[in-house]
Number of protein chains: 2
Amino acid sequence: MSYPTDELLALASETRATILQRLEAGPRTVGEIAQGLPVSRPAISQHLRILEQAKLVTEEYQGTRHIYRIDPTGLATLRTWLDRFWTRSLDAFAAEVERQNQTPHPSHAKQRRASRP
Amino acid sequence: MSYPTDELLALASETRATILQRLEAGPRTVGEIAQGLPVSRPAISQHLRILEQAKLVTEEYQGTRHIYRIDPTGLATLRTWLDRFWTRSLDAFAAEVERQNQTPHPSHAKQRRASRP
DNA sequence: CTTATTGGTAAGTTTTAACTTACCATTGGG
DNA sequence: CCCAATGGTAAGTTAAAACTTACCAATAAG
């Protein structure tokens, strides 16, 4: 699977996190979402576009209102990718522990750059 | 749980994705990681700092070499959060489907702004 | 038809992230 | 001690994201 750039980028924003949080309570119009947030409504529209492209929300038109709701699709993509990444990482981690056990460990410290006058 | 901003931001970068991909094959020094990548070594150092702060990699000092490896901690944080978010979203989604079934649906279209002359 | 409501888009600005060059600290080896 | 190797940090630049104001299109309601 390719790297889920769109989904990760969409989620890596406090403002969009807040938007999603509001949508967890149910479908909302743009005005309702923007209500009380510290950014302008056009900004919200732009964030919604990004969330929509990442398939994290869907848009429905009811007359002049645009209703947004959470779309599980993007989350599913992310979950699948994260699970695979998780598995591969744990494998790599375990393999390294294995390698470590076959050689005497050199005992590490972690400090540096304490330049004294 | 608080929103995993650090982890998401750290992962939402092609360059850092490449770095992690290299580390999946096992521990690497900074030089090895930077080898062949289209950005300078200092840039890699900066990316590694971000990955480290997100607990996605660990750093170990062996003399003048700095060895980096994947750290499952950040991934675990992300997994936990994503699972909860997933559950809540599915719940919200299901609740909405339920609500939808109790009222006659108004049949939606999705197109707009096709202004003709 | 006229007017109000709702919200998308354009264009420009500001803020933040990514990257570069220059430099220096630490370690290892002669 | 001297020099090479390794890589972190500072300061500045470039590129990208986030946000603003201004404007307009579509629908609803009178």
Side-chain angles (χ1 to χ4, degrees), chain A residues 5-19 22-23 27-54 57-69 106-117, chain B residues 5-19 22-23 27-54 57-69 106-117:
Chain A
T5 315
D6 285 0
E7 289 84 355
L8 286 168
L9 264 161
L11 287 173
S13 150
E14 292 285 358
T15 303
R16 290 194 287 271
T18 307
I19 292 175
R22 296 198 169 190
L23 291 181
R28 293 285 185 273
T29 64
V30 177
E32 288 167 346
I33 295 168
Q35 184 75 5
L37 290 196
V39 295
S40 69
R41 191 193 42 69
I44 299 295
S45 275
Q46 289 160 17
H47 281 303
L48 286 169
R49 197 85 332 108
I50 289 168
L51 288 170
E52 193 185 13
Q53 277 163 14
V57 304
T58 58
E59 189 180 14
E60 176 203 333
Y61 299 157
Q62 278 191 8
T64 168
R65 311 246 167 118
H66 293 211
I67 300 176
Y68 286 88
R69 22 172 77 76
S107 102
H108 325 302
K110 181 165 178 178
Q111 47 176 288
R112 231 193 138 204
R113 224 159 282 269
S115 58
R116 67 252 128 103
Chain B
T5 315
D6 284 0
E7 289 84 353
L8 285 168
L9 263 159
L11 288 174
S13 150
E14 293 284 359
T15 303
R16 290 194 287 271
T18 307
I19 292 175
R22 295 198 169 190
L23 290 181
R28 294 283 184 271
T29 65
V30 177
E32 288 167 345
I33 295 168
Q35 183 74 5
L37 290 194
V39 296
S40 69
R41 191 194 41 73
I44 299 295
S45 275
Q46 289 160 16
H47 282 303
L48 286 169
R49 196 84 332 105
I50 290 169
L51 288 170
E52 192 185 15
Q53 277 164 13
V57 305
T58 59
E59 189 181 13
E60 176 203 332
Y61 301 156
Q62 276 193 9
T64 168
R65 311 245 168 121
H66 295 210
I67 299 176
Y68 285 89
R69 25 172 73 78
S107 103
H108 326 300
K110 183 168 177 177
Q111 47 176 290
R112 233 192 136 202
R113 224 161 280 267
S115 59
R116 69 248 130 104

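Note on naming: letters A, B, ... go to the chains in the order of the sequence lines (proteins, then strands), and numbering restarts at 1 for each one. Fair warning: this is a prediction, and the values are worked out from it, not measured in the lab.
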Q: Please state whether the phosphate of C/dG8, meaning OP1 or OP2, lies under 4.0 angstrom from any side-chain nitrogen or oxygen of A/His66.
A: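 For C/dG8, OP1/OP2 do have a side-chain N/O of A/His66 under 4.0 Å.
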Between B/Arg49 and D/dT9, is there a side-chain N or O to OP1/OP2 distance below 4.0 Å?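 For D/dT9, OP1/OP2 do have a side-chain N/O of B/Arg49 under 4.0 Å.
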Should B/Ile33 and B/His47 count as side-chain neighbours, where that means a heavy-atom distance under 4.5 Å?
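The answer is no, as the side chains (C-beta and beyond) never meet within the 4.5 Å cut-off.
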With rounding to the nearest 0.5 angstrom, report the [atom1] to [atom2] distance, [X] to [Y].
{"X": "A/Glu52", "Y": "A/Arg49", "atom1": "CD", "atom2": "CZ", "value": "5.5 Å"}
{"X": "A/Ile19", "Y": "A/Arg28", "atom1": "CD1", "atom2": "CZ", "value": "13.0 Å"}
{"X": "B/Leu8", "Y": "A/Leu9", "atom1": "CG", "atom2": "CG", "value": "10.0 Å"}
{"X": "B/Gln35", "Y": "B/Arg22", "atom1": "CD", "atom2": "CZ", "value": "7.5 Å"}
{"X": "B/Leu48", "Y": "B/Glu59", "atom1": "CG", "atom2": "CD", "value": "7.5 Å"}

Could you check how far [atom1] of [X] sits from [atom2] of [N], rounded to whole Å?
{"X": "B/Leu37", "N": "D/dG7", "atom1": "CG", "atom2": "P", "result": "14 Å"}
{"X": "A/Gln62", "N": "C/dG8", "atom1": "CD", "atom2": "P", "result": "14 Å"}
{"X": "A/Arg65", "N": "D/dA29", "atom1": "CZ", "atom2": "P", "result": "9 Å"}
{"X": "B/Ile67", "N": "C/dT27", "atom1": "CD1", "atom2": "P", "result": "15 Å"}
{"X": "A/Tyr68", "N": "C/dG7", "atom1": "OH", "atom2": "P", "result": "9 Å"}
{"X": "A/Leu11", "N": "D/dA17", "atom1": "CG", "atom2": "P", "result": "15 Å"}

If you compare all heavy atoms of [X] against all heavy atoms of [Y], which two are closest, and at what distance to 0.1 Å?
{"X": "B/Ile67", "Y": "B/Pro27", "value": "CG2-CB, 3.7 Å"}
{"X": "B/Ser45", "Y": "B/Val30", "value": "OG-CG1, 4.2 Å"}
{"X": "A/Ala34", "Y": "A/Ile44", "value": "CB-CG1, 3.8 Å"}
{"X": "B/Arg69", "Y": "B/Leu23", "value": "C-CD1, 4.3 Å"}
{"X": "B/Glu14", "Y": "A/Thr5", "value": "OE2-OG1, 3.2 Å"}

- request: Determine whether any donor atom in the side chain of A/Thr64 lies under 3.5 Å from an acceptor atom in the base of C/dT6, or the reverse, and answer yes or no.
  value: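 A donor-acceptor contact between them is present.
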Would you tabulate the pairs of protein nitrogen or oxygen atoms and nucleotide nitrogen or oxygen atoms of nucleotides 15-20 of chain C closer than 3.5 angstrom?
| unit_1 | atom_1 | unit_2 | atom_2 | d |
| --- | --- | --- | --- | --- |
| C/dA18 | OP1 | B/Arg16 | NH2 | 3.2 |
| C/dA18 | OP2 | B/Arg16 | NH1 | 3.3 |
| C/dC19 | OP1 | B/Thr15 | OG1 | 3.3 |
| C/dC19 | OP2 | B/His47 | NE2 | 2.3 |
| C/dT20 | OP2 | B/Ser40 | N | 2.6 |
| C/dT20 | OP2 | B/Ser40 | OG | 2.7 |
| C/dT20 | O4 | B/Gln46 | NE2 | 3.1 |

Check: protein-nucleotides 13-16 of chain D nitrogen or oxygen pairs below 3.5 Å:
none

So which of residues 29-36 of chain A are in contact with DNA chain C, with a heavy-atom cut-off of under 4.0 Å?
->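 When residues 29-36 of chain A is checked for heavy atoms under 4.0 Å from DNA chain C, the hits, listed by number, are A/Thr29, A/Val30, A/Gly31.
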